[in-house]
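Accompanying notes for the structure given below.
Just so it is clear, the model here is predicted, and its values are computed rather than measured. Index from 1, following the sequence.
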Amino acid sequence: MSSLLVDLLRQSGGTAIIDGGLATELERHGADLNDPLWSAKCLFSSPHLIRQVHLDYLENGADIIITASYQATIQGFKDKGYTGEESEAMLRRSVEIAREARELYYKGCSECCSGDKAEGKILKQRPILIAASVGSYGAYLADGSEYSGDYGDAITKTNLKDFHRRRVQILADSGADLLAFETVPNKLEAEAYAELLEEEDIKIPAWFAFNSKDGVNVVSGDSLLECGSIAESCNKVVAVGINCTPPRFIHDLIVLLKKVTTKPIVIYPNSGETYDAELKQWVQNTGVTDEHFISYVTKWRELGASLVGGCCRTTPATIRKIYNVLSSSESAIVGKE
């Protein structure tokens, strides 16, 4: 396992906190994300908003912030008229923005002399990791296929490796602490990622996070056990888990993953809301409240989740509640000792 991740988990009592949804918060700050690039649009239109959202999550207890590169691809930027050089620069910029937010946070911590919290913010010197997000091929298509895993028979493993190769190289060399392969919808793409990491001898560690809509398989119908085994067998992968999946499925998915991996389990579900791929929006009133979401967290930790956070439609308030729950349980454990 990465020494950075080991240090983070040790200092956080065995469970570190990932940030929450990015797009939801960007929209709350006024960003218009009605675009195939989604949140990556803000890399050139309003990077200051991305920096602020990263900082909001840090000030609410996140130990890991994920860059705004989920839907940022060289091909996607070129489709918008950018050159290859400009496209690569924006990928690097996604990591730079997260690093700037981390520095701002550390500056706030050093200027604060009142301990753990100041003006409602959690200001605590601690390891903070930056995870460079790598969205699936389906995310680039912007047609909802990252929620189905159906790329058609024409897409091969070689196609997927060629699609992701340069992007992964750039993000790995941009100063991130690790790569987050997110919302992996099928076995083929997991295999492509694992081979790519080895072929390019990527130097920073990675995690694989799959998504599921039935609590048994990944969204394509491929076996989660088989997908988890791919992550387990890749030496470049240091954690494996689930993201952008309704909270009610997470318990069973952790149990399944524990059968095939000894690596840390990473869990960051969405709010449970349903995504309408045709309308390209989340269906209102189909998710769970923060309180309901948080009620699962202690159990996930007991089952073996080492990295916990939120995905789409979760907010800094959600992450603050996770921080409070995990801090309370950690205090209880220390008290018993």
Side-chain angles (χ1 to χ4, degrees), residues 35-40 43 67-92 94 131-174 176 179-204 206-213 217-237 240 243-244 275 277 280:
D35 190 281
L37 290 174
W38 199 39
S39 56
L43 290 170
T67 63
S69 51
Y70 175 79
Q71 214 139 329
T73 65
I74 294 170
Q75 297 87 337
F77 286 128
K78 284 183 174 179
D79 290 346
K80 299 289 286 186
Y82 291 92
T83 66
E85 190 174 298
E86 289 169 334
S87 302
E88 293 185 6
M90 278 187 279
L91 284 170
R92 294 187 184 94
S94 70
S133 174
V134 181
S136 68
Y137 176 68
Y140 156 71
L141 296 176
D143 61 359
S145 58
E146 75 259 49
Y147 300 112
S148 71
D150 182 7
Y151 296 162
D153 295 335
I155 298 298
T156 67
K157 190 193 304 181
T158 299
N159 294 146
L160 292 173
K161 287 196 288 186
D162 289 344
F163 174 83
H164 289 294
R165 190 179 306 274
R166 183 60 183 150
R167 175 196 195 190
V168 168
Q169 290 172 333
I170 291 167
L171 289 172
D173 292 337
S174 294
L179 295 170
F181 292 91
E182 304 189 279
T183 323
V184 185
N186 56 43
K187 181 180 175 182
L188 185 69
E189 197 149 26
E191 291 173 338
Y193 288 149
E195 291 180 16
L196 193 57
L197 289 171
E198 297 290 354
E199 288 171 9
E200 298 302 321
D201 192 23
I202 298 300
K203 299 302 184 185
I204 64 173
W207 79 49
F208 284 8
F210 300 93
N211 57 336
S212 173
K213 55 188 176 185
N217 302 303
V218 298
V219 292
S220 64
D222 292 337
S223 163
L224 177 64
L225 292 174
E226 292 181 10
C227 291
S229 295
I230 293 166
E232 173 67 13
S233 64
C234 180
N235 291 331
K236 305 286 186 179
V237 176
V240 57
N243 79 298
C244 212
Y275 184 76
K280 298 187 186 304

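Under the salt bridge (charged side-chain N to carboxylate O under 4.0 Å, His left out) criterion, R167 pairs with no residue at all, not counting sequence neighbours. Remark: E200 pairs with R165, Q169, L196, I202 by the side chain to side chain contact (heavy atoms under 4.5 Å, CB included) rule, at least two apart or across chains. When the side chain to side chain donor-acceptor pair (under 3.5 Å) test is applied to K187, the partners found at least two apart in sequence or on another chain are E226. Shown here are the ring pair (Phe, Tyr, Trp, His ring centres under 6.0 Å) partners of F210, two or more places apart in sequence or in another chain: there are none. Partners of S233 under the side chain to side chain contact (heavy atoms under 4.5 Å, CB included) rule, at least two apart in sequence or in another chain, do not exist in this structure. Under the rule for a salt bridge (charged side-chain N to carboxylate O under 4.0 Å, His left out), the partners of E191 that lie at least two apart in sequence or sit in another chain are K157. Residues that satisfy the side chain to side chain donor-acceptor pair (under 3.5 Å) test with S94, not counting sequence neighbours, are absent from this structure. Residues satisfying the side chain to side chain contact (heavy atoms under 4.5 Å, CB included) criterion with S220, sequence neighbours excluded, are N186, V218, D222. With sequence neighbours excluded, the residues that form a side chain to side chain contact (heavy atoms under 4.5 Å, CB included) with V219 are P185, N211, K213. Partners of F163 by ring pair (Phe, Tyr, Trp, His ring centres under 6.0 Å), not counting sequence neighbours, listed by chain and number: Y137, Y140. Judged as a side chain to side chain donor-acceptor pair (under 3.5 Å), and not counting sequence neighbours, the contacts of N159 are T156. Partners of K80 according to the side chain to side chain donor-acceptor pair (under 3.5 Å) rule, which considers only residues two or more places apart in sequence or in another chain, are D35.
Side-chain atoms of E189 never come within 3.5 Å of backbone atoms of V184 as a donor-acceptor pair (strictly under, hydrogens ignored). Side-chain atoms of S174 never come within 3.5 Å of backbone atoms of A176 as a donor-acceptor pair (strictly under, hydrogens ignored).
Side-chain contact between Y151 and L160 is present, with at least one heavy-atom pair separated by less than 4.5 Å. No side-chain heavy atom of Y193 sits less than 4.5 Å from a side-chain heavy atom of I230. The shortest side-chain heavy-atom distance between D201 and K236 falls under the 4.5 Å cut-off. The shortest side-chain heavy-atom distance between E146 and L141 does not fall under the 4.5 Å cut-off. The side-chain heavy atoms of L171 and S69, taken from C-beta on, include a pair separated by under 4.5 Å. With a 4.5 Å cut-off on side-chain heavy atoms, L197 and L179 count as touching.
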Next on the checklist: Go through it in stages, so that I can follow the logic: the residues are N243 and T183, the test is side chain to side chain donor-acceptor pair (under 3.5 Å), and I'd like the CA-CA distance, side-chain angles, deciding distance and then a yes or no.
Outcome noted: CA-CA 6 Å; N243 79 298; T183 323; 3.0 Å; yes
Checklist entry - Can L37 and L43 be said to form a side-chain contact (heavy atoms from CB on, under 4.5 Å), step by step? => result CA-CA 10 Å; L37 290 174; L43 290 170; over 6 Å; no
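Of the inter-residue distances, the one linking F181 atom CZ with C234 atom SG reads 8.5 Å to the nearest 0.5 angstrom. Here the CZ-CG distance, from R92 to D173, works out to 8.5 Å after rounding to the nearest 0.5 Å. Once rounded to the nearest 0.5 Å, the distance linking OG1 of T73 with CZ of R166 reads 14.0 Å.
Counted by atom type alone, E182 and S133 present one or more donor-acceptor pairs between their side chains at under 3.5 Å.
Between Y82 and S87, the closest heavy-atom pair is CB-OG, 3.9 Å. In terms of heavy-atom proximity, A139 sits nearest to Y70 at CB-CE2, 3.6 Å. Between Q71 and A142, the closest heavy-atom pair is NE2-CB, 3.8 Å. Closest non-hydrogen pair, H164 versus V134, comes out as ND1-CG1, 4.1 Å. Residue F208 comes nearest to A190 through the heavy atom pair CE2-O, 3.7 Å, listed as atom of the first residue, atom of the second, then distance.
Applying the 6.0 Å contact sphere to CD of E85 captures no more than 12 heavy atoms from other residues, nucleotides or ligands.
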